[in-house]
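Here's the structure we're looking at; comments come further down.
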Amino acid sequence: VQLQASGGGLVQAGESLRLSCSASGLSFSNYVMGWFRQAPGKEREFAAAISWNGGTTPYADSVKGRFTISRDNAKKTLYLEMNSLRPEDTAVYYCAQDRSSLRAQYPSPASSRYKYWGQGTLVTVSS
């Protein structure tokens, strides 16, 4: 069972990045997927999530309108398109899978619901 996040890096404020999360060894298409982030010295927080079919995509207020979550079930890959990045977006970004419900339509922002986690990818935004 593996979730592999990639795409992080160092960018300047206002620029964009696209994160990817590829899944292997586990069922992907029937479960909610989410992105969480943890800034230095802070607790991990919810960023975005997506229902199994992409129909529902809740976002944290801090990223709403700037980030877009999507998924390609055929490729078993989750994405996070991040635009207009700010220094406060600097964090390690983690992808995760909620295995609590099959084909759930309303993704939860609670990290405790997510069973499988990727290793994280670091995003650094300079001012």
Side-chain angles (χ1 to χ4, degrees):
V1 175
Q2 187 174 19
L3 293 173
Q4 183 74 37
S6 61
L10 172 63
V11 297
Q12 294 188 337
E15 294 185 339
S16 300
L17 273 178
R18 189 193 197 199
L19 305 184
S20 299
C21 173
S22 61
S24 61
L26 75 167
S27 176
F28 180 85
S29 60
N30 290 317
Y31 295 98
V32 164
M33 297 294 298
W35 285 101
F36 292 78
R37 65 184 186 180
Q38 187 167 18
K42 294 187 177 181
E43 294 187 354
R44 186 166 54 191
E45 65 176 11
F46 170 77
I50 186 167
S51 60
W52 71 279
N53 61 354
T56 308
T57 54
Y59 295 91
D61 288 343
S62 57
V63 308
K64 198 173 297 182
R66 300 185 299 121
F67 290 12
T68 302
I69 188 171
S70 62
R71 66 190 296 162
D72 185 331
N73 286 341
K75 294 182 178 180
K76 299 181 73 173
T77 303
L78 176 72
Y79 304 99
L80 186 67
E81 185 75 34
M82 306 186 295
N83 298 317
S84 302
L85 283 162
R86 305 167 180 169
E88 53 264 39
D89 294 319
T90 295
V92 177
Y93 284 73
Y94 299 91
C95 57
Q97 186 180 70
D98 179 356
R99 300 281 290 192
S100 60
S101 298
L102 187 67
R103 297 192 171 185
Q105 285 293 350
Y106 301 101
S108 171
S111 61
S112 58
R113 290 281 297 266
Y114 293 77
K115 179 177 182 179
Y116 296 123
W117 293 81
Q119 87 291 356
T121 184
L122 176 62
V123 173
T124 304
V125 185
S126 64
S127 57

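- The same ILVMFWY cluster, assembled from side-chain heavy atoms under 4.5 Å apart, contains both Phe67 and Val125.
- Relative orientation of the Phe36 and Tyr114 rings is perpendicular, given thresholds of 30° and 60° on the angle between their planes.
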| task | Starting from the C-alpha separation in whole Å, work towards a yes-or-no answer on side-chain contact (heavy atoms from CB on, under 4.5 Å) for Leu19 and Val123. | result | CA-CA 9 Å; Leu19 305 184; Val123 173; 4.0 Å; yes

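- Using a distance-only test at 3.5 Å, with no hydrogens or angles considered, a donor-acceptor pair links the side chain of Asn73 to the main chain of Trp52.
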| Test side-chain contact (heavy atoms from CB on, under 4.5 Å) applied to Leu102 and Tyr31, step by step | CA-CA 6 Å; Leu102 187 67; Tyr31 295 98; 3.8 Å; yes

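- The hydrophobic clustering, which links ILVMFWY residues whose side-chain heavy atoms are closer than 4.5 Å, places Phe46 and Val92 together.
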| task | Before giving the answer on side-chain contact (heavy atoms from CB on, under 4.5 Å), spell out for Met82 and Arg66 the whole-Å C-alpha distance, their side-chain angles and the decisive distance to 0.1 Å. | result | CA-CA 6 Å; Met82 306 186 295; Arg66 300 185 299 121; over 6 Å; no

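- At least one donor-acceptor pair closer than 3.5 Å links the side chain of Gln119 to the backbone N or O of Ala5.
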| request: Let me see the working for Met33 and Ile50 under side-chain contact (heavy atoms from CB on, under 4.5 Å), right down to the final yes or no. | output: CA-CA 6 Å; Met33 297 294 298; Ile50 186 167; 4.0 Å; yes

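- Here the closest non-hydrogen pair linking Pro58 and Pro107 is CD-CG, 3.8 Å.
- Checking Asn30 against Arg103 by side-chain atom types alone, a donor-acceptor pair falls below 3.5 Å.
- Listed for the Glu45 side chain is no donor-acceptor partner under 3.5 Å among the backbone atoms of Ala39.
- Residues Tyr59 and Trp35 share a single hydrophobic cluster, defined by chaining ILVMFWY side chains whose heavy atoms lie under 4.5 Å apart.
- A salt bridge is defined here as a Lys NZ or Arg NE, NH1 or NH2 lying under 4.0 Å from an Asp or Glu carboxylate O, and Asp89 with Arg86 fails to meet this definition.
- With Phe28 as the aromatic partner, Arg71 meets the cation-pi criteria of under 6.0 angstrom to the ring centre and within 45 degrees of the ring axis.
- For the pair Ser16/Val11, no side-chain contact is recorded, criterion being any heavy-atom separation below 4.5 Å from C-beta on.
- Using modelled atom types and a 3.5 Å distance limit, the side chains of Ser100 and Arg113 yield a donor-acceptor pair.
- How far OG1 of Thr90 is from CZ of Arg37: 9.0 Å, rounded to the nearest 0.5 Å.
- The same ILVMFWY cluster, assembled from side-chain heavy atoms under 4.5 Å apart, contains both Leu17 and Val63.
- Glu43 is not listed as a side-chain neighbour of Ser111, based on a closest heavy-atom distance of 4.5 Å or more.
- A single hydrophobic cluster is not seen to contain both Trp117 and Leu80; linkage of ILVMFWY side chains at heavy-atom distances under 4.5 Å, directly or through other members, places them apart.
- Distance alone, capped at 3.5 Å, is enough to place a donor-acceptor pair between the Lys76 side chain and the Leu26 backbone.
- The CG atom of Leu3 sits 4.5 Å away from the SG atom of Cys95 when rounded to the nearest 0.5 Å.
- Between the side chain of Thr56 and the backbone N or O of Gln105, at least one donor-acceptor pair lies under 3.5 Å.
- The CD atom of Gln4 lies 11.0 Å from the OG atom of Ser20; values are rounded to the nearest 0.5 Å.
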